[in-house]
**Q** 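Attaching a single structure in structure tokens format; questions to follow.
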Amino acid sequence: MMMFLRAINLIALGLSALPASSFAAQIKLNQLGYLPASAKVAVVPGTENGARQFAIIKAGSNDVVQSGTLGVAQWSSDAGESVRLADFSGLQTPGRYQLRVEGMPDSLPFEVSANAYAALNAASIRAYYLNRASIALDAQHAGIYARAAGHPDTQVLVHASAASAARPAGTVISSPKGWYDAGDYNKYIVNSGISTYTLLAAYEDFPDFFRKQTLNIPESGNGKPDLLNEALWNLEWMLTMQDPNDGGVYHKLTNLSFDGMVMPEKAIMPRYVVQKSTAAALDFAAVMATASRVYAPFDKALSQRMLAASKAAWQWAQAHPRDYYQQPKDVSTGDYGDKDVSDEFAWAAAELYISTGDDAYYQAMHAPEVQATVPTWSDVRSLAWLSLARHRQQLTGAADQQLIASRVTTLSQRLANQWKQSAYGIVMQTGDYVWGSSAVALNQSMVLLHGYRLTGKREYLDAAQSGLDYVLGRNAVDTSFVTGQGTRSALHPHHRPSVADGIDAPVPGFLVGGPQPGQQDKKDCSVPYPSSLPAKSWLDHACSYASNEIAINWNAPLVYVSAALQAIK
């Protein structure tokens, strides 16, 4: 993530970008489709031609199956355009359709189907398999994306910043497996924290959905749901990142600098574990506590090992409460720096409390002081509330049930209010168009889905639906931000295998970062951004690490939200 590739001119490597489309001229909607009972909304240009009605037609025909009145025109400052909403939620008959408004091209086609998001969810999980380290991807499981193994990580050096008496600098350790973090080939504990947790949370909330799912990965059929098989590939790597001598956790496993745009087996620079940090220890503690309860029915010994590792990391963090990560001078890869770890302390305490039933952990959370915010890798406080809400029926009397519910529902209501006021009918506001804005939309949806499960309020479910609609095409650039999903999807992600594998289509199932006006990569890209507006500041080019990279923490809420909507129906 955050690939500052100053020296690489990607245009010189023969890469190309799609020409900017005429965003304002398009009807924008979820290009994949909808479940029969879901909310269904499209965004239509302000219709200067006077059109006030819309029709739903059978795709490729003139057969009208439903008609309706467009909403009042509203100005979207983020997109710089006037738009109207077309609400066709009453369309519930399975089929393939388009939306028509007089005087403009018909919308892209979409499906109404009882399994609208099953394939999307499978692809979003398989993207993790396709981003595995330390394993060859064979044609049986990876198809055309088969590749040689890269980064065995069995001969990893302890960096000077991570040295201890038991493991001095230069000590060789083994730390294989895990997922490549993003467009780069490094592995980071902090970002693995929220990523792996979100997958485990999806399983805890919707186990029946995942038990029935088969993903064609090497472990398929071994008695575990494939989501848990995939998550375990990363959890096993995470366990190797804990120093067995003191319980501390290394912040990352990395090269000293980023690899070029090559396939994994061509990236052979030395690898290091770098500095133990409080944030890494606490993220590790939280995830291992979560994993210990999820894997207990499948492997009790593994579950016990995970819980012991969690407790050891917690104890280390208690003794090192402000060991913030400081990037060494000879390391220039992603830092995931965080100098406020109060949220990590709260999250780890909550997960240990849930998994052990020990009231001391709940007291250590200092719950009244912990607010609820939309989760990101650097702000995980709400993960505590989501887990406590999920397990509220099994908590001890020490837990404040009213506080738990109010934290989730108050945030859900705030997000729903934003959705109601949006010209595009989405939760996103101007300040949400940050690095990884696509994941912001989906993390908002994840919170709303928790609110819905607590209260049954339909507006929370509909607002959550809008987040998935947004990343699948109901956005100001009329593009699905998920590779391989939708009629018009991102084609040139900042992702080394997608660039270097010689295959035109990108590795499928990845959520790209999405629009954000910072354009931190502008001087590295020979192709200009088509717009500087927050909702349109997106460049579908491999040079654009600021708007078109992929990342494991961005895919995780895509897994959660697509599964939740499919399971809830």
**Q** Is there a donor-acceptor contact under 3.5 Å linking the side chains of D521 and Y545?
**A**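 No, Y545 and D521 have no side-chain donor paired with an acceptor closer than 3.5 Å.
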**Q** If every non-hydrogen atom of V101 is compared with every non-hydrogen atom of A51, which pair is closest and at what distance?
**A** CG1-CB, 3.8 Å
**Q** Nearest heavy-atom pair of E344 and A279: which atoms, and what distance?
**A** CG-O, 4.4 Å
**Q** Do E81 and Y424 have side-chain N/O donor and acceptor atoms under 3.5 Å apart?
**A**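 A pair is found: one side chain offers a donor N or O, the other an acceptor, under 3.5 Å apart.
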**Q** Please determine which of N553, L383, D283 meets the side-chain contact (heavy atoms from CB on, under 4.5 Å) test together with Y197.
**A**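 Filter result, single survivor: L383.
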**Q** Determine yes or no for a side-chain-to-main-chain donor-acceptor pair under 3.5 angstrom, with R84 supplying the side chain and G71 the backbone.
**A** yes
**Q** Keeping the roles fixed (side chain from S378, backbone from D338), state whether a donor-acceptor pair exists under 3.5 Å.
**A**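 Side chain of S378 to backbone of D338, a donor-acceptor pair under 3.5 Å: no, none is there.
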**Q** In a check of salt bridge (charged side-chain N to carboxylate O under 4.0 Å, His left out) between E111 and each of K58, K40, R96, which one passes?
**A**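 Considering K58, K40, R96, a salt bridge (charged side-chain N to carboxylate O under 4.0 Å, His left out) with E111 is found only for R96.
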**Q** Strictly distance-based, threshold 3.5 Å: is any side-chain N or O of R407 a donor or acceptor partner for the main-chain N or O of V370?
**A**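 Flag set: sc R407 to bb V370 pair under 3.5 Å.
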**Q** Roughly how far, to the nearest 0.5 Å, is the OG1 atom of T69 from the CG atom of L85?
**A**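 So the gap between those two atoms works out to 13.0 Å.
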**Q** Looking only at the aromatic ring of each residue, does the gap between the centers of F88 and F110 stay below 6.0 angstrom?
**A** yes
**Q** When you compare the side chain of Q566 with that of N121, does any pair of heavy atoms fall below 4.5 Å?
**A**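 N121 vs Q566: side chains apart.
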**Q** Just checking W538 against F481, ring centres under 6.0 Å apart?
**A** yes
**Q** Less than 4.5 Å apart, any side-chain heavy atom of V64 and any of I57?
**A**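 Yes. Closest side-chain heavy atoms under 4.5 Å.
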**Q** For the pair D78 and S76, evaluate side-chain hydrogen bond (donor to acceptor under 3.5 Å, both in side chains) and give the outcome as yes or no after the intermediate values.
**A** CA-CA 5 Å; D78 293 331; S76 170; 5.3 Å; no
**Q** Output the distance between atom CH2 (W419) and atom CD (E459), rounded to the nearest 0.5 Å.
**A**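 If we round to the nearest 0.5 Å, W419:CH2 and E459:CD are 6.5 Å apart.
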**Q** Ignoring hydrogens and geometry, is there a side-chain-to-backbone donor-acceptor pair from S195 to A556 under 3.5 Å?
**A**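 No, because the side chain of S195 does not come within donor-acceptor range (under 3.5 Å) of the backbone of A556.
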**Q** Is there a donor in the side chain of W554 and an acceptor in the side chain of E549, or the other way round, less than 3.5 Å apart?
**A**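 Looking only at side-chain atoms, E549 and W554 do not form any donor-acceptor pair under 3.5 Å.
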**Q** Kindly compute the distance separating CD (Q213) from CG (D226), expressed to the nearest 0.5 Å.
**A** 7.0 Å
**Q** May I ask you to check whether over 12 heavy atoms, not counting those of Q394, lie within 6.0 Å of atom CD?
**A** yes
**Q** Could you please spell out the steps behind the side-chain contact (heavy atoms from CB on, under 4.5 Å) verdict for W233 and T196?
**A** CA-CA 10 Å; W233 188 263; T196 312; over 6 Å; no
**Q** Contact between P508 and L130 at the side-chain level, heavy atoms closer than 4.5 Å - yes or no?
**A**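 P508 vs L130: side chains touch.
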**Q** Considering all heavy atoms of both residues, which atom of Y362 and which atom of D400 are nearest to each other, and what is their separation?
**A**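 That closest heavy-atom pairing would be OH-N, 3.1 Å.
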**Q** Without swapping roles, check the side chain of E351 against the backbone of T290 for a donor-acceptor pair under 3.5 Å.
**A** no
**Q** Closest approach of V471 and A441, non-hydrogen atoms and distance?
**A** CG1-CB, 4.5 Å
**Q** With the side chain counted from C-beta on, respond yes when S192 and I552 share a heavy-atom pair under 4.5 Å apart, and no when they do not.
**A**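 Side-chain contact under 4.5 Å: yes.
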**Q** Report yes or no: do N115 and S113 form a side-chain donor-acceptor pair below 3.5 Å?
**A**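 No, no side-chain donor-acceptor contact under 3.5 Å.
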**Q** Can you name the nearest heavy-atom pair linking T487 to Q31, along with the distance?
**A** N-OE1, 3.1 Å
**Q** So, H391 versus Y353, ring centres under 6.0 angstrom or not?
**A**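 Distance test on ring centres: not under 6.0 Å, no.
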**Q** Output yes when a side-chain donor or acceptor of S438 lies under 3.5 Å from a complementary backbone atom of G513, and no otherwise.
**A** yes
**Q** State which residues pass side chain to side chain contact (heavy atoms under 4.5 Å, CB included) with L415; sequence neighbours excluded, sorted by chain then number.
**A** V374, L411, Q418, V427, Q444, V447, L448
**Q** Is any side-chain heavy atom of P493 closer than 4.5 Å to a side-chain heavy atom of F510?
**A** no
**Q** Would you check if the side chain of N475 reaches a backbone N or O of Y470 as a donor-acceptor pair within less than 3.5 Å?
**A** yes
**Q** Donor-acceptor check, side chain of Q98 to backbone of S107, threshold 3.5 angstrom: yes or no?
**A** yes
**Q** Carefully, step by step, assess L235 and M288 under the rule side-chain contact (heavy atoms from CB on, under 4.5 Å).
**A** CA-CA 8 Å; L235 286 162; M288 288 302 162; 3.9 Å; yes
**Q** Would you kindly say whether S67 and Q53 are connected by a side-chain donor-acceptor distance under 3.5 Å?
**A** no
**Q** Give a yes-or-no answer on whether the side chains of S124 and N555 include a donor-acceptor pair shorter than 3.5 Å.
**A** no
**Q** Grab the two heavy atoms, one from A464 and one from L449, that are nearest each other, plus how far apart they are.
**A**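 What the structure gives for the nearest pair is CB-CG, 3.7 Å.
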**Q** Out of I426, N30, I27, which one pairs with R474 under the side-chain contact (heavy atoms from CB on, under 4.5 Å) rule?
**A**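 Result for side-chain contact (heavy atoms from CB on, under 4.5 Å) with R474: I426.
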**Q** Are S544 and Y529 close enough that a side-chain donor and a side-chain acceptor fall under 3.5 Å?
**A**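 There is such a pair (donor and acceptor under 3.5 Å, judged by atom type) between the side chains of S544 and Y529.
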**Q** Please walk me through it: do Y117 and L35 pass side-chain contact (heavy atoms from CB on, under 4.5 Å)?
**A** CA-CA 8 Å; Y117 307 130; L35 296 157; 3.8 Å; yes
**Q** Is it true that R126 and E230 make a salt bridge, defined as a side-chain N closer than 4.0 Å to a carboxylate O?
**A**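 A salt bridge is absent here (no side-chain N lies under 4.0 Å from a carboxylate O).
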**Q** Output the distance between atom CG (L539) and atom NE2 (H494), rounded to the nearest 0.5 Å.
**A** 12.0 Å
**Q** Using 0.5 Å steps for rounding, measure from the CD atom of Q465 to the OH atom of Y452.
**A**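 Answer rounded to 0.5 Å: 12.0 Å.
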**Q** With a 3.5 Å distance limit and no angle check, can you tell me whether N131 reaches the backbone of W179 through a side-chain donor-acceptor pair?
**A**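 It does not hold such a pair.
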**Q** Testing the 3.5 Å rule here: is there a donor-acceptor pair between the side chains of Y560 and D205?
**A**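 Indeed, the side chains of Y560 and D205 share at least one donor-acceptor pair under 3.5 Å.
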**Q** Take Y128 and N234 through the side-chain hydrogen bond (donor to acceptor under 3.5 Å, both in side chains) test and state the conclusion after the steps.
**A** CA-CA 9 Å; Y128 288 93; N234 200 61; over 6 Å; no
**Q** Please identify which of these residues, Q519, Q516, K522, meets the side-chain hydrogen bond (donor to acceptor under 3.5 Å, both in side chains) condition with S537.
**A** Q519
**Q** Roughly how far apart are S498 OG and I550 CD1, rounded to 0.5 Å?
**A**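 Interatomic distance, S498 OG to I550 CD1, rounded to 0.5 Å: 7.5 Å.
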**Q** Going by atom types alone, do Q485 and S480 pair a side-chain donor with an acceptor below 3.5 Å?
**A**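 Per modelled atom types, Q485 and S480 side chains form no pair under 3.5 Å.
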**Q** Quiz question: by atom type and distance under 3.5 Å, do the side chains of Q413 and Y460 form a donor-acceptor pair?
**A**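 The criterion, which ignores hydrogens and geometry beyond distance, is satisfied for Y460 and Q413.
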**Q** Could you walk me through whether V44 and F54 satisfy the side-chain contact (heavy atoms from CB on, under 4.5 Å) test, starting with their C-alpha distance in whole Å, then the side-chain angles of each, then the deciding distance to 0.1 Å, before giving a yes or no?
**A** CA-CA 9 Å; V44 177; F54 70 88; 5.8 Å; no
**Q** Would a 4.5 Å heavy-atom cut-off, applied to side chains only, mark L228 and V294 as touching?
**A**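 Sidechains of V294 and L228: in contact.
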**Q** Would a distance-only check, ignoring hydrogens and angles, find a side-chain to backbone donor-acceptor pair under 3.5 Å from N548 to D540?
**A** no
**Q** Given side chains that start at C-beta, do those of L91 and Y34 come closer than 4.5 Å, heavy atoms only?
**A** no
**Q** More than 12 heavy atoms of other residues, nucleotides or ligands under 6.0 Å from CD of Q401: yes or no?
**A** yes
